[in-house]
Amino acid sequence: MTHVKIAPSLLAADFGNLQKDVEMVNQSEADWHHIDIMDGVFVPNISFGMPVLKVISRHATKPLDVHLMIVDPDRYIKTFAQLGAQILTVHYEACTHLHRTVQAIKDEGMQAGVAINPHTPVNVLSDIIDDIDLVCVMSVNPGYGGQSFIENTYEKIRKLKKLIAKKDSNALIEIDGGVNANNAPKLVEKGADVLVAGSFVFRSDNPKQTIADLSAVEVS
Ligand code: DX5
Ligand code: ZN
């Protein structure tokens, strides 16, 4: 049985001491560093950009899972590859020519992810699921950390798993937003492959242990 991957979201890290938090993730049982890029247009919030990602990239020892919450992401695909992104996720809702965007990500040697907002049905991915490496199912409306998990996510995972099986796709299912110790077991049971967790990890007393606990979640 493969264990669930954990991707702590650095959005909830201490930006006054980012190196320390990146190193904590390095030393933890986390699998990826999840990095949220927001432009203030696709989502209301602005997070951080290239100079900060450069610093993260310099210190991180695990794959960088970069989640772009920006309009017209095609403009920056090359830049994110140069900054060391290994998985680059764009939003379905932000891409008019999603197939072309996905190919461009893969042409730069990265794995291609597609994120869907809570209102977006999984079946819109039907004709692209074969081409992508990861589907990021947003379990909150993107833009902020610390929001409450949307319960309908379980049903979306079920439908997505069915679609992946039907199309014989290898895409991983990543869940992003409001993940914690209460919903993690059910998410894994439903078929989540990767759990993103921001506030739950970084606001806990012992983030490294919290990551270890999430990583140990198994289907009962
Ligand atoms: C939300 C971001 C998430 C966020 C998750 O727009 O995509 O990655 O950092 O944070 P929590 O785990 O606090 O909901
Ligand atoms: Zn994210």
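Positions are given from 1, in the same order as the sequence printed here. Every number for a ligand or one of its atoms is a count from 1 in the order of the listing.
- The closest approach of D36 to the Zn ion (ligand 2), by N/O/S atoms, is made by OD1.
- Counting only distance, with no hydrogens or angles, the side chain of D213 and the backbone of A216 share no donor-acceptor pair below 3.5 Å.
- In this structure, F15 and F48 have perpendicular ring planes: the angle between them is above 60°, well past the 30° mark.
- Under the 3.5 Å distance criterion, the side-chain polar atoms of D133 are left unmatched by any main-chain donor or acceptor of I87.
- The atom name of the N/O/S atom in D176 closest to the Zn ion (ligand 2) is OD2.
- Put simply, the side chain of S126 reaches to within 4.5 Å of the side chain of K167, judged on heavy atoms.
- Of the possible donor and acceptor atoms, one in the side chain of S47 sits under 3.5 Å from a partner among the backbone N and O of M38.
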- Checking salt bridge (charged side-chain N to carboxylate O under 4.0 Å, His left out) for the pair R158/E155: CA distance, chi angles, key distance, verdict? CA-CA 5 Å; R158 192 185 65 76; E155 179 59 8; 2.8 Å; yes

Does ligand 1 have any N/O atom under 3.5 Å from a protein N/O, and what are those pairs and their distances?
residue: ligand 1; atom: 6 (O); partner: G143; partner atom: N; Å: 2.8
residue: ligand 1; atom: 7 (O); partner: D36; partner atom: OD1; Å: 3.0
residue: ligand 1; atom: 7 (O); partner: H67; partner atom: ND1; Å: 3.2
residue: ligand 1; atom: 7 (O); partner: D176; partner atom: OD2; Å: 2.9
residue: ligand 1; atom: 8 (O); partner: H34; partner atom: NE2; Å: 3.3
residue: ligand 1; atom: 8 (O); partner: D36; partner atom: OD1; Å: 3.1
residue: ligand 1; atom: 8 (O); partner: D36; partner atom: OD2; Å: 2.8
residue: ligand 1; atom: 8 (O); partner: D176; partner atom: OD1; Å: 2.7
residue: ligand 1; atom: 8 (O); partner: D176; partner atom: OD2; Å: 3.1
residue: ligand 1; atom: 9 (O); partner: S9; partner atom: OG; Å: 2.8
residue: ligand 1; atom: 9 (O); partner: D36; partner atom: OD2; Å: 3.0
residue: ligand 1; atom: 12 (O); partner: G198; partner atom: N; Å: 2.8
residue: ligand 1; atom: 13 (O); partner: G146; partner atom: N; Å: 2.8
residue: ligand 1; atom: 13 (O); partner: S199; partner atom: N; Å: 3.0
residue: ligand 1; atom: 13 (O); partner: S199; partner atom: OG; Å: 2.4
residue: ligand 1; atom: 14 (O); partner: G178; partner atom: N; Å: 2.8

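- The Zn ion (ligand 2) forms the vertex of an angle spanning ND1 of H67 and NE2 of H34; to the nearest 10 degrees it equals 100°.
- A donor-acceptor contact shorter than 3.5 Å links the side chain of N180 to the backbone of N183.
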